[in-house]
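To keep things clear, I will list the structure first and then write my remarks on it.
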Amino acid sequence: MELYFRLKDQRIMDERGNSRQVTVFWDKECLKKGQDWRDGFVQGLKNSRCVLMLVSGGATEPMVWSKENPDNVLLEWETAVMAGQKNICVPQPVFINDNLKGIKGLDDASKFLKSDKCPTLRPNKTDAHKWAASKTLYEVKQIQGVQLDVNEVSWSIPDLIKALQTYAPLQMKAAANQCATEASFFQQFPDISFASTEFDIKFLSSFDLKELFGSEKEKKFGILEYRKSLKHLSVSFRTNPRMSRNSMEILTHGLKQNYSFLRTINLSGANLADKQIWNLLTEALKVNNQLESMDLTDNDLTGLPDLYKVIEGHNSIYSCKMGSNAGFEATSLLRDGIEPNTYYTDMDAYSLLLLTELWEYGKPRMEMIVFAYNNTNVKEEDVPDSLGLLLGKLPGLKSIEIQSEALIGALTTCIVNSDTITDISIGLAESAKPAKKKTVTAGANAKDSGSNKIEKKQSQPWMKPLCDALVRRGKELAKQAALKAAAEEEEARNAETLEHERNAVSDHERSPTESADQVNDEEEEEEEEEDDEDDDESGSEGDDIIEDHKLSLSLNNLGLTDQDVNLLANAFRKMKNGLAYLIMDGKWKFTCNS
C-alpha cells in the first residue's frame, strides 16, 4: 500500500523530454467492482512502461498448489516476463525484505525454487499459466531486481524510478495488444515455442484464427500483427467437423494482408456448408501475391470457374492440390504447359468430374496419362460422360493406361475421337483380377450331361464396343489415307499436264529440227519411265497416315475369354493395317502382319 501511494507522487521524463506524473496501476486499488481481474491486468499493461513483480515468501508459498490449480500471481509474472522478452515493457522484480526480522525476498524465492515443493508441472487447464512455477521463478531470478525493505520503502523509490526512466517505450497500445494476444495464443497452441520463427498451425475454430490473424469485424489484432521476424507460416484445418464461414472470413482477411511469411494453407476436408463460401477465397487470392501452395483436397470445388481462373493467373502459387484422397496437381492443368507423364491415383466420381472441368477450362498438353487404382472402387456410372470426349481432344496425347474396368467406356470414346493416341494399356492389379465368367450351356438337352452339351464362355461386356471403336478408328485412318493419296495423285497429274503445256510452248517458239524433236521425245519417255519406277517403289504417301497412327494395345489381368480373343482378331482384320501389336497378359498375340 505504501509503495503504491509513494510511486503515485513521483515524476519522470517521458520520451519527448516532458516531465509528467507517474501513473500506477494496482489491481486492489484500481479494479472496478465486478471487473474481471484478467481484463484489469491486461488493461493496466496497455499503458505501463514497467511491471513490478513483488517477490516474497508470502507470494511464493501458495505456488505449492499451482501444479493442480492455476495461480494468479504466477500468471501475472509469466505474462510480464513474456512481454519483457518482446521489449513490450520492463519486467522489474522487487524482492521484499524485512531487515528487522532478517527476511530476504530473494533468499526465500531461491530456497523455494530449489526445494521439492516447487512444482515443475503446470495445471492441465486452458486458462492456466503456460509455464510451471519452477520455470517462471527461474526467469524472474534472471532479471536484475530491486531490493525493497518494508521498513524503509522510500529508500527504494529512486531505483524504481530509474527503471521507469531508462525505458524507451514503443507504441504502447500496440505493445499491450501484442502481449495480451500472444499470451492467449500460446495458451491455445502450447506445443509452439514462444521464440519460434516458423509456425505450423492446425486450427479448428474461428477463435483459433482470431488469435492468429485478428478479426476485422471485432477490430481485434492478431499475433501476426507483431510477428515481424516470422519466416514461415503454414495454416491447416483439422477437418472436424467442418470449417465455418466465419473462419473463412478471418483466414481470407489474413491472406489479404500479404504477409511475406504466410506461404502455405491446407484446407483439406474443410467441408464448407455452402459452396459459395469459396468465393471468399477467390476474392482474397486476387489481392494476395505471397501464397505459394494450397491443399484443397476432399472439398467439392466443381462449378467454380472464378476460382480456377484466379489460381491460373496467380503469380506466386506453384502448387494447388484438388480432388479426393491424395488428390492431383491442379496448377499444371490450368496453366499452359506440357506435362509429359501424368499419374492419377484412386480417382473417385467427384475427382473425375472435377478433372474433366479443369481439362475443359485449362486445355493442358499431356503425352501420357495413367489412371492407377489401388484402394478406391469406382463404378462405370461414376465416370462422367464427358471424360472420354475430353481425353480424345487433349492435344498431343499419345499414351493412356487405365487400371479400372469402369473407365473402359471412356477409353472407347477416346479411341474414336483422338487422332494422336498410339499406345493403350488396360490392366488390373493381380488382386483386382475379375472372377471367371459364367458359362452358357447350349443344346437340345442343356440340363443333361450328354455328349451334345456345349459350354461357351461369354465375352466381357465392354469388349464388343471396344472392338467396334478400334474398327471405326482403323476405317477412319484408311479413309484419311485414301483421301490424301487421291489428293497427291491429282496434284501429280496437274503438275504433269502443266509441264507438257510448258514444253509445247517452248517447242513452238524454238522451231526445233526433226532430229532434235526425236531426241527430246526419247528423253521425256525415259524421264517418265523413271518417274513411274519411283512411284512404284515409294508407294502412296497417304500410307504414312496409317503408319504414323498404328495402335499398340496391351490387355492384362482382365479375365479374357476365347470369345474376347475372337472379337479382337476380327476387329484387327478390319482395321486396315491400323494395329502395330497386341499384348495380352504379357504375351505377344498379333502384329500388323497377322
Side-chain angles (χ1 to χ4, degrees), residues 297-298 302 321-330 333 339 341-360 364 366-394 397-418 421-438 458-470 473 551-561 563-565 567-568 582-586:
T297 55
D298 294 327
T302 56
K321 286 192 173 183
M322 296 184 182
S324 301
N325 303 315
F328 56 85
E329 185 56 58
L333 303 180
E339 288 290 327
N341 304 320
T342 308
Y343 294 83
Y344 298 111
T345 305
D346 291 334
M347 300 283 283
D348 58 7
Y350 154 70
S351 296
L352 290 171
L353 179 59
L354 178 62
L355 188 64
T356 56
E357 287 193 14
L358 295 177
W359 275 350
E360 191 166 17
M366 293 176 282
E367 296 181 0
M368 183 185 79
I369 296 178
V370 177
F371 289 97
Y373 281 86
N374 300 316
N375 303 313
T376 301
N377 294 322
V378 64
K379 300 178 180 178
E380 187 173 359
E381 55 266 27
D382 295 333
V383 181
D385 295 335
S386 57
L387 178 61
L389 289 172
L390 285 169
L391 281 170
K393 294 179 182 178
L394 288 177
L397 181 61
K398 296 179 180 179
S399 174
I400 183 169
E401 177 182 344
I402 61 174
Q403 298 177 8
S404 171
E405 285 186 288
L407 295 178
I408 296 180
L411 177 62
T412 301
T413 305
C414 170
I415 291 173
V416 175
N417 291 275
S418 175
I421 192 166
T422 58
D423 190 0
I424 294 175
S425 176
I426 308 173
L428 303 179
E430 191 66 34
S431 59
K433 187 176 180 178
K436 292 184 177 180
K437 291 289 181 181
K438 295 181 179 180
Q458 292 180 325
S459 63
Q460 302 286 351
W462 47 263
M463 181 57 76
K464 189 176 186 307
L466 177 65
C467 290
D468 290 344
L470 293 172
R473 170 193 169 90
L551 193 64
S552 301
L553 181 62
S554 177
L555 305 174
N556 296 294
N557 291 332
L558 294 172
L560 299 184
T561 67
Q563 286 279 25
D564 294 316
V565 175
L567 286 172
L568 285 168
L582 165 68
I583 294 179
M584 291 196 300
D585 294 330

Next on the checklist: Just so I know, are the side chains of Asp564 and Leu555 near enough to count as touching, which here means a heavy-atom distance under 4.5 Å?
Outcome noted: no
Checklist entry - What are the two closest heavy atoms between Gly392 and Cys414, and how far apart are they? => result N-SG, 3.9 Å
Next on the checklist: Using side-chain heavy atoms (C-beta onward) and a distance below 4.5 Å, is Leu411 in contact with Leu391?
Outcome noted: no
Checklist entry - Given side chains that start at C-beta, do those of Trp462 and Leu558 come closer than 4.5 Å, heavy atoms only? => result yes
Item to check | Side chains of Asp382 and Asp348 in contact at under 4.5 Å (non-hydrogen atoms) | outcome: no
Checklist outcome for this item: Distance col, row Ser425:OG vs Ile583:CD1, nearest 0.5 angstrom, shows 9.0 Å
Next on the checklist: Does any part of the side chain of Phe328, heavy atoms only, come nearer than 4.5 Å to the side chain of Met347, both counted from C-beta?
Outcome noted: yes
Next on the checklist: If you compare all heavy atoms of Ser459 against all heavy atoms of Gln563, which two are closest, and at what distance to 0.1 Å?
Outcome noted: CB-CB, 3.8 Å
Checklist entry - Does Leu387 offer a backbone N or O that forms a donor-acceptor pair with the side chain of Thr356 under 3.5 Å? => result no
Next on the checklist: Please evaluate residues Asp423 and Met368 with respect to the criterion side-chain contact (heavy atoms from CB on, under 4.5 Å), reporting the C-alpha separation (whole Å), side-chain torsions for both, the decisive distance (0.1 Å), and the verdict.
Outcome noted: CA-CA 9 Å; Asp423 190 0; Met368 183 185 79; over 6 Å; no
Checklist entry - Where do Ser324 and Tyr350 come nearest, in terms of heavy atoms and distance? => result OG-CD2, 3.2 Å
Item to check | Intermediate values then yes/no, side-chain contact (heavy atoms from CB on, under 4.5 Å), Ser552 and Thr422 | outcome: CA-CA 6 Å; Ser552 301; Thr422 58; over 6 Å; no
Item to check | Spatial distance of atom CZ (Phe371) from atom CG (Asp346) [nearest 0.5 Å] | outcome: 12.5 Å
Checklist entry - How long is the span from the CG atom in Leu407 to the OG1 atom in Thr412, to the nearest 0.5 Å? => result 10.5 Å
Checklist entry - Going from CD1 on Ile426 to CG on Asn557, what distance comes out if it is rounded to the nearest 0.5 angstrom? => result 12.5 Å
Checklist entry - Is there a side-chain contact (heavy atoms from CB on, under 4.5 Å) between Ile415 and Leu466 once you walk through the steps? => result CA-CA 9 Å; Ile415 291 173; Leu466 177 65; 3.6 Å; yes
Checklist outcome for this item: On a heavy-atom basis, the closest approach of Ala406 and Val378 is CB-O, 3.4 Å
Next on the checklist: What I'd like to find out is whether the side chain of Pro364 reaches to under 4.5 Å of the side chain of Leu394, using heavy atoms alone.
Outcome noted: yes
Checklist entry - In Å and rounded to the nearest 0.5 Å, what is the OH to CG distance from Tyr344 to Asn325? => result 15.0 Å
Checklist entry - So, do Gln460 and Glu405 sit near enough that their side-chain heavy atoms are less than 4.5 Å apart? => result yes
Checklist entry - Within a reach of under 6.0 Å around CG of Asp385, are more than 12 heavy atoms found that belong to other residues, nucleotides or ligands? => result no
Item to check | side-chain contact (heavy atoms from CB on, under 4.5 Å) partner of Leu355, the single match among Leu333, Leu390, Thr302 | outcome: Leu333
Checklist outcome for this item: The reported gap from NZ in Lys398 to OG in Ser418 (rounded to nearest 0.5 angstrom) is 11.5 Å
Checklist entry - Does a side-chain heavy-atom distance below 4.5 Å link Leu397 with Ile369? => result yes
